[in-house]
**Q** 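Please find one structure pasted underneath; my questions will follow.
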Amino acid sequence: MFAKGILVAALMLGSSAVMAKTCDVELEANDAMSFNTKELKVDGDCTEAKLTLKHVGKMPKSAMGHNVVITKTDDFKKVAKAAGKVSAEDNYVPKDDARVLAHTKLIGGGESDTITIPLDKFEKGGDYTFFCSFPGHWSVMKGKLIFG
Ligand code: CO
């Protein structure tokens, strides 16, 4: 009995290590240029995060557009500044920039965007920042992504 119990436990551990676990993460942005949280939490056992950004305001994206860009905190300011040189059509996100770990598209009031982020490139306990890269927004529309 005892040995069988250990075997079952070992098999369960083995299967959970390869099983995908998708975790939902939600974030709201508004017409007052702010997110509804300064901290996004993703459990360490998640293998991917399904992130939904919802713009609960009414203003168009040309005036009050929002997105979510995720980088290491060390890269945040450099990427935010580089984003200022990118067009709205490209979501204010530098193209082919390895520092950008994930990003949604740019949206306006009443819109939402959902992306799936593989978490294998995120370290548990690492220091990550999420922000809106619309020009002028990143200094206030930012927070920490906690993975672990
Ligand atoms: Co914004």
Side-chain angles (χ1 to χ4, degrees), residues 9-148:
L11 286 170
M12 285 172 69
L13 274 175
S15 63
S16 69
V18 292
M19 250 169 41
K21 185 180 176 190
T22 304
C23 301
D24 291 335
V25 183
E26 291 182 356
L27 187 60
E28 287 183 4
N30 60 27
D31 283 344
M33 213 170 96
S34 63
F35 286 126
N36 65 336
T37 181
K38 292 278 179 197
E39 201 172 271
L40 286 179
K41 284 187 178 169
V42 180
D43 282 348
D45 65 345
C46 304
T47 57
E48 58 183 24
K50 194 174 152 196
L51 170 67
T52 298
L53 169 67
K54 192 176 174 190
H55 191 322
V56 298
K58 292 180 175 158
M59 292 172 72
K61 72 177 176 183
S62 56
M64 188 52 73
H66 301 309
N67 64 9
V68 181
V69 178
I70 300 172
T71 66
K72 286 182 181 171
T73 294
D74 281 346
D75 295 330
F76 150 59
K77 284 186 183 173
K78 285 168 261 181
V79 173
K81 284 172 186 168
K85 298 177 184 124
V86 180
S87 69
E89 287 71 31
D90 287 325
N91 301 296
Y92 298 114
V93 178
K95 269 187 181 170
D96 302 321
D97 189 325
R99 296 173 300 182
V100 176
L101 300 176
H103 73 88
T104 68
K105 64 181 183 181
L106 187 73
I107 59 171
E111 296 180 321
S112 70
D113 188 34
T114 299
I115 58 169
T116 300
I117 308 168
L119 295 168
D120 48 3
K121 56 189 167 185
F122 288 78
E123 284 174 38
K124 287 175 194 172
D127 191 356
Y128 301 100
T129 291
F130 71 88
F131 63 98
C132 173
S133 67
F134 188 98
H137 287 199
W138 58 268
S139 59
V140 289
M141 292 189 78
K142 64 179 175 179
K144 288 288 180 90
L145 175 78
I146 313 289
F147 176 50

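Every heavy atom of this structure was used, including side-chain atoms; hydrogens, water molecules and symmetry mates were not. Each residue takes its place number in the sequence, starting with 1.
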**Q** When the ring planes of Phe35 and His66 are compared, do they come out parallel, tilted or perpendicular, using 30° and 60° as the limits?
**A**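 Tilted, since the angle between the ring planes falls between 30° and 60°.
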**Q** If I take atom CG from residue Leu106 and atom OG from residue Ser62, how far apart are they, to the nearest 0.5 angstrom?
**A**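 Leu106 atom CG to Ser62 atom OG measures 9.5 Å (nearest 0.5 Å).
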**Q** Do any side-chain atoms of residues 51-61 form donor-acceptor pairs under 3.5 angstrom with protein atoms, and if so which ones, sequence neighbours left out?
**A**
unit_1, atom_1, unit_2, atom_2, d
Thr52, OG1, Thr114, OG1, 2.9
His55, ND1, Gly57, N, 3.0
His55, NE2, Met64, O, 2.9

**Q** Does Thr47 reach the main-chain N or O of Lys21 with its side chain, forming a donor-acceptor pair under 3.5 Å?
**A** yes
**Q** Is the ring centre of Tyr128 less than 6.0 Å from the ring centre of Phe147?
**A**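 Between Tyr128 and Phe147, the centre distance exceeds or equals 6.0 Å.
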**Q** Does a sphere of radius 6.0 Å around NZ in Lys38 hold more than 12 heavy atoms from other residues, nucleotides or ligands, not counting ones at 6.0 Å or beyond?
**A**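 Result for NZ/Lys38: enclosed.
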**Q** Atom CZ in Phe122, atom CD in Glu48: separation rounded to 0.5 Å?
**A**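 Going from the CZ atom of Phe122 to the CD atom of Glu48 covers 12.5 Å.
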**Q** What distance do His103 atom NE2 and Asp113 atom CG have between them, rounded to the nearest 0.5 Å?
**A** 9.5 Å
**Q** Going by salt bridge (Lys or Arg N to Asp or Glu O under 4.0 Å), name the residues that satisfy it together with Asp31, two or more places apart in sequence or in a different chain.
**A**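 Partners of Asp31 under the salt bridge (Lys or Arg N to Asp or Glu O under 4.0 Å) test: none.
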**Q** Fit a plane to each ring of Phe134 and Tyr92, take the angle between them on a 0 to 90° scale, and name the class: parallel (under 30°), tilted (30 to 60°) or perpendicular (over 60°).
**A**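 Rings of Phe134 and Tyr92: perpendicular, over 60°.
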**Q** I want to check something: taking the side chain as every heavy atom from C-beta on, are Thr37 and Leu27 in contact at a cut-off of under 4.5 Å?
**A** yes
**Q** Any heavy-atom pair between the side chains of Val79 and Val100 that's under 4.5 Å?
**A** yes
**Q** With no hydrogens and no angle check, is any side-chain donor or acceptor of Thr71 less than 3.5 Å from a backbone partner on Thr73?
**A**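 Not at all, since once roles are kept as given, no pair shorter than 3.5 Å links the two residues.
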**Q** Before you tell me yes or no, could you show the steps for Asp127 and Lys144 under side-chain contact (heavy atoms from CB on, under 4.5 Å), namely the whole-Å CA-CA distance, both residues' side-chain angles and the distance that decides it to 0.1 Å?
**A** CA-CA 7 Å; Asp127 191 356; Lys144 288 288 180 90; 3.1 Å; yes
**Q** Quick one: do Met33 and Val140 satisfy side-chain contact (heavy atoms from CB on, under 4.5 Å)? Show the steps, please.
**A** CA-CA 8 Å; Met33 213 170 96; Val140 289; 3.2 Å; yes
**Q** Distance from Lys124 atom NZ to Cys46 atom SG, nearest 0.5 Å?
**A** 9.5 Å
**Q** Measuring from atom CG of Leu145 to atom CD of Glu39, what distance do you get when rounded to the nearest 0.5 angstrom?
**A**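 With rounding to 0.5 Å, CG (Leu145) is 9.5 Å from CD (Glu39).
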**Q** Measure from the side-chain N and O atoms of Asn67 to the backbone N and O of Lys105, and report whether any donor-acceptor pair falls under 3.5 Å.
**A**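 Looks like no, no N/O pair under 3.5 Å.
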**Q** Ignoring hydrogens, what is the shortest heavy-atom contact between Lys50 and Thr116? Give both atom names and the distance.
**A**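 Heavy-atom minimum between the residues: CG-OG1, 4.3 Å.
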**Q** Looking at Cys132 and His137, what are the two nearest heavy atoms and their distance?
**A**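 In terms of heavy atoms, the two residues are closest at SG-ND1, 3.7 Å.
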**Q** Would you say that Lys95 contacts Asp90 through its side chain, given a criterion of any heavy-atom pair below 4.5 Å between the two side chains?
**A**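 Yes; the side chains approach each other to less than 4.5 Å.
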**Q** Look only at the side chain of Thr104 and the backbone of Val68, and say whether a donor-acceptor pair between them is shorter than 3.5 Å.
**A** yes
**Q** How long is the straight-line distance from CG of Leu101 back to CD1 of Ile117, given to the nearest 0.5 Å?
**A** 9.0 Å
**Q** Could you check whether any side-chain heavy atom of Val42 comes within less than 4.5 Å of a side-chain heavy atom of Val25, counting everything from C-beta outward?
**A** yes
**Q** Between Asp97 and Arg99, is there a donor-acceptor pair closer than 3.5 Å when you use the side chain of the first and the backbone of the second?
**A**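 Checked: pair present.
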**Q** Less than 4.5 Å apart, side chain to side chain, heavy atoms only: is that true for Phe76 and Trp138?
**A** yes
**Q** Sub-3.5 Å donor-acceptor pair from the side chain of Asp75 to the main-chain atoms of Lys78, do we have one?
**A**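 Judged by distance alone, no pair lies under 3.5 Å.
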**Q** Locate the shortest heavy-atom distance separating Val93 from Ser133; write the atom from each residue and the value.
**A**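 In this case the closest contact between Val93 and Ser133 is CG2-OG, 4.3 Å.
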**Q** Quick check: are there more than 12 heavy atoms from other residues, nucleotides or ligands sitting under 6.0 Å from NZ of Lys121?
**A**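 More than 12 within 6.0 Å, yes.
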